[in-house]
Q: 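Provided herewith is a single structure, encoded as C-alpha cells, for subsequent inquiry.
Treat the numbers as computed from the prediction; the structure is a model and nothing was measured. Numbering of ligands and ligand atoms starts at 1, following listing order.
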Amino acid sequence: MASATQHFDAVVIGAGFSGMYMLKTLRDKLGLKVKVFEAGDTVGGTWYWNRYPGARCDSDSYIYVYTWDKQALQEWQWSERYPEQPEILRYLEYMAARHDLKRDIQFGTRVTGGEFDESTNLWTARTDKGDTVTARYLISAVGTLSTTNLPKFKGLEKYKGKWFHTSTWPKEGVDFTAKRVAVVGTGATAVQAIPEIALQAKHLTVFQRTANYCVPARNGKVDPDVWKARKADYDNIIKRTRESFFGQEHYFIPKSALEATPEEREAEFDKRWDAGGFAFWLANYQDMFFSEEANELCADYIRRKIRKTVKDQAIAERLMPKGHHYGCKRQPLDTNYYETFNRDNVLLVDAKTDGAIEEITEKGIRAGGKEYEFDIIVFATGFDAMTGPLKALNLKGRGGRSLDKEWADGPHTYLGISVAGFPNLFTITGPQSPSVLTNMPVAIEQHVEWITDCIEHMEKTGKKTIEATPQAQEAWVANVNAVVNMTLMVKANSWYMSANIPGKPKAFLPYLDPEGVGGYRKRCADVAAKGYEGFALA
Ligand code: N01
C-alpha cells in the first residue's frame, strides 16, 4: 500500500551480512534514523536465497562471523568446519534478534529506483510496494552475487517439467526422489549441489561447459579443543584476518614453485590438499597467479587427482580442466564431487566432447544433437555478478545521470565504495573493491566501518555531500586494471572478468590489492586520514 513520503537519515538496501551491520552502526553508534529495505521475508541475503541442496559456506566457520559482538563470538557455536545454509541463516537471525535489528527493516520489499535531488541534497528511493522515502545517505548492501544469471536458452518456455535456479531455491525444498534430474553448470554452486542431488535422484545428468579445478573441502566436526583455543584467541584471529591477503588465515609459500624440487613441491601440494578448503588455492606457491609454468604444476597435480578418483578414464578426461589456468576462476570446494561420477545413476554431458546445449525441449534438453529427458532441470548458472545488483537499482545521480549508462563499459568507482556523480551513495563490497576475493565478512566489516566513520565525519563537520572526484575515480579504475593485468586472472573466462554473460562488457569486477585486503584497508584508512582524499565534500 503506497504511503506518504517518509524521511530518514539513511536508507540501506539489503539485510544480509552487510545491511544488518550497516544498520547496527548507523543506528546504534551514530544515532541516525535508518530504514532498511529487504526483498526477502527475513534477514540473510545470500543465505536466504541460496537454499539449494549442499549449500554451505566455503570459508572456515570460525572466521565466517561478525567480529564486533565479542560476547556472540563466545556464545555462538558452529556445528561444522563449513556451516550449512540453514545454520548460517540461524546465525544471522540470532544476531538480528540480539541487536533488535528487524524493527528497522521492511521485508518483502525491493528497491526499484533512486534519484539524487541536487536542490535538497537528498536521495529519494522507491520500492515495488509503493514506498517513497527520502534520505541523506543511500547505502547499497545488495551483495555481489544476488542477480540471477539464467542464460537465454532457446525453448525454455516449452519445457513441461519443473525447473529451478539454485539462487532462488524454493523454501519448501525440491524432492528429487525417483526423478530424472539435470544440473546445468559446474561452478562452485553445482559442485556443492551435484553430489547431494545424485544421492536422491533416480538419475542425474550433469551438463558441463567448462571443467573446473575442484579441491576437497574436508568438512566435518571441529575438535572441541580447537574451538576452545580459537575462542580464546579471537582478538588475534581478527587482527590477522583483517591484515591478511584474503581475509583468511592463508599465506602464500614465499618461494617460486619452480625453485622447489619435485619432491618438495609434491609434499607441499599434498599438505594443502589434505588440509582441504582454500589452502591449495590461497596458501600455495606465490607465483601460481603469475607464472604459467608455476600454475601448470598446480593444475597438473589436480588433474592427477581427478584421474585417480574417477574410475572411468574417459569421464576423468572430460572432467579435467584444460585451456584455462588453475585458480583464476573461483575455487569450488567439493565433498565427493569427482566420486559422484563413479555412480551408476550419474551421466556427464560435456559440451566439448558430447556437444553443447542447443535448446530446451518439451521433455528436456537437446545437446550435441541428442535429446535427454528430465522431470527436473536445475540451472546452476551463476549470477550477473557485482554490477548486476547495483544496475538493477535504477539509480540516478547528479543531472539525472544513470548508473546503468555510466557503467555501460564496466564499473567505474573510487575504492569500490563510491561513484563520481552519485553523492552520498555508498556501495558495500562494490565492484572494484576486494570483496569476493576475500572472506566476505572481513571485507564487509571494513567497508561498513569506513562508511560509518565517513558519515560520522560528515555529521560532525556539517558537510552535506561527499562524492568521488572523476579524477580519483579514473585513477582507481586504472589501478584496478593495472594490478590484475599482471596476473593470469585476466586470461580466464570467469565471472570475475564479466565473461559469464554474453554481451556483458569485459572488465575485472573485484579489486586485487597487491597487499591484499589488509593493504586495501590501509589505503582506505589513508584516504580518510587525509581528509577524504579523492572525494569532494561540500
Ligand atoms: O556460478 P558460476 P556459481 N550454458 O558462474 C555454466 C559463490 N558461491 O553459482 O564455466 C551452459 O561460477 C558455467 O560454465 P562456464 C562463489 O563466489 C559461494 O556456481 O562459464 N553452461 C559454469 O559452469 C562462486 O564463484 C559459495 O563455461 C553455462 C556455471 O554455469 C559464485 O557464487 C558456494 C551457461 C556457472 O558457474 C558463483 O558460483 C557456491 C550456458 N549458457 C557459490 N552459462 C560459498 O561458499 C553458465 N554456464 C558461500
Q: Run the ring-ring contact (aromatic ring centres under 6.0 Å, His included) check on F280 and F269 step by step: do they pass?
A: CA-CA 7 Å; F280 197 88; F269 286 164; 5.4 Å; yes
Q: Sorted by first residue and then second, give each side chain to side chain donor-acceptor pair (under 3.5 Å) pair with at least one member in residues 298-308; sequence neighbours left out.
A: Y213-R303, E266-R304, D270-Y301, E296-R303, D300-R304
Q: Look at E359 together with R366 and state whether they make a salt bridge at an N to O cut-off of under 4.0 Å.
A: yes
Q: Kindly indicate whether a cation-pi arrangement holds for R230 with Y62, taking the cut-offs as under 6.0 Å to the six-membered ring centre and within 45° of the axis.
A: yes
Q: Does a side-chain N-to-carboxylate-O contact under 4.0 Å join R318 and D354?
A: yes
Q: Mind jotting down which protein residues get a heavy-atom contact under 4.0 Å with ligand 1? Chain and number order, please.
A: W47, Y52, R56, C57, D58, L145, P151, F153, G185, T186, G187, A188, T189, Q192, R209, T210, K329, R330, A380, T381, G382, F383, W495
Q: Between K506 and D409, does at least one N-O distance fall below 4.0 Å, as a salt bridge requires?
A: no
